[in-house]
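Given the structure is predicted, the values throughout are model-derived calculations rather than measurements.
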Amino acid sequence: APKDHKTKGMVAALKAMNITSALFVCGETVNENFGRATSNIPHIDVLPVDGANVYDILRRDVLVLTKEAAEKLTERLSA
């Protein structure tokens, strides 16, 4: 989780990871600082695990899951 909600720092972090189009799927809630820092960055989406769907996943080049999101999606898809 980022230390603050500043977009500039998030842009630099994403650039360092060479991420220009991504969907981040978090746990049951989105970290407030992370959500704010990414909200104005084009082609970067952030969703709680319950909001993730196939359309959102396919419209971005990279899918990033938190450990909690991966576990919750596994539970949801195996039911």
Non-neighbouring partners of Glu75 that pass side chain to side chain donor-acceptor pair (under 3.5 Å), sequence neighbours left out: none

Once you round to the nearest 0.5 Å, how far does CD1 of Ile19 lie from CD1 of Ile44? 6.5 Å

Residue pair Pro48 / Val30, side-chain heavy-atom distance below 4.5 Å: yes

Taking the side chain as every heavy atom from C-beta outward, state whether Phe24 and Thr38 have any atom pair closer than 4.5 Å. no

I want to check something: taking the side chain as every heavy atom from C-beta on, are Met10 and Ile41 in contact at a cut-off of under 4.5 Å? yes

CZ/Arg36 to CG/Asn31 distance, rounded to the nearest 0.5 angstrom? 10.5 Å

Closest approach of Glu68 and Glu28, non-hydrogen atoms and distance? OE2-N, 3.3 Å

Side-chain cluster (under 4.5 Å, hydrophobic types only) that Leu65 belongs to, other residues: Leu23, Val25, Leu47, Val49, Ile57, Leu63, Leu73

When rounded to the nearest 0.5 Å, the distance separating NE2 of His43 from CG of Leu14 is 12.5 Å

Taking all heavy atoms of Val46 and all of Cys26, pick out the closest pair and write down the distance. CG1-SG, 3.8 Å

How close do Ala52 and Arg76 get, heavy atom to heavy atom, and via which atoms? O-NH2, 3.1 Å

Gap separating the NZ atom of Lys72 from the CG atom of Asp50, nearest 0.5 angstrom: 8.0 Å

What's the separation between atom CG in Asn33 and atom NZ in Lys6, rounded to the nearest 0.5 Å? 10.5 Å

With side chains defined as the heavy atoms from C-beta onward, is the minimum distance between Thr74 and Glu71 less than 4.5 Å? no

Asn53 atom CG, neighbour heavy-atom count above 12 within 6.0 Å: yes

Kindly determine whether Arg60 and Asp45 satisfy side chain to side chain contact (heavy atoms under 4.5 Å, CB included), including the steps that lead there. CA-CA 8 Å; Arg60 298 294 174 223; Asp45 299 319; 2.8 Å; yes

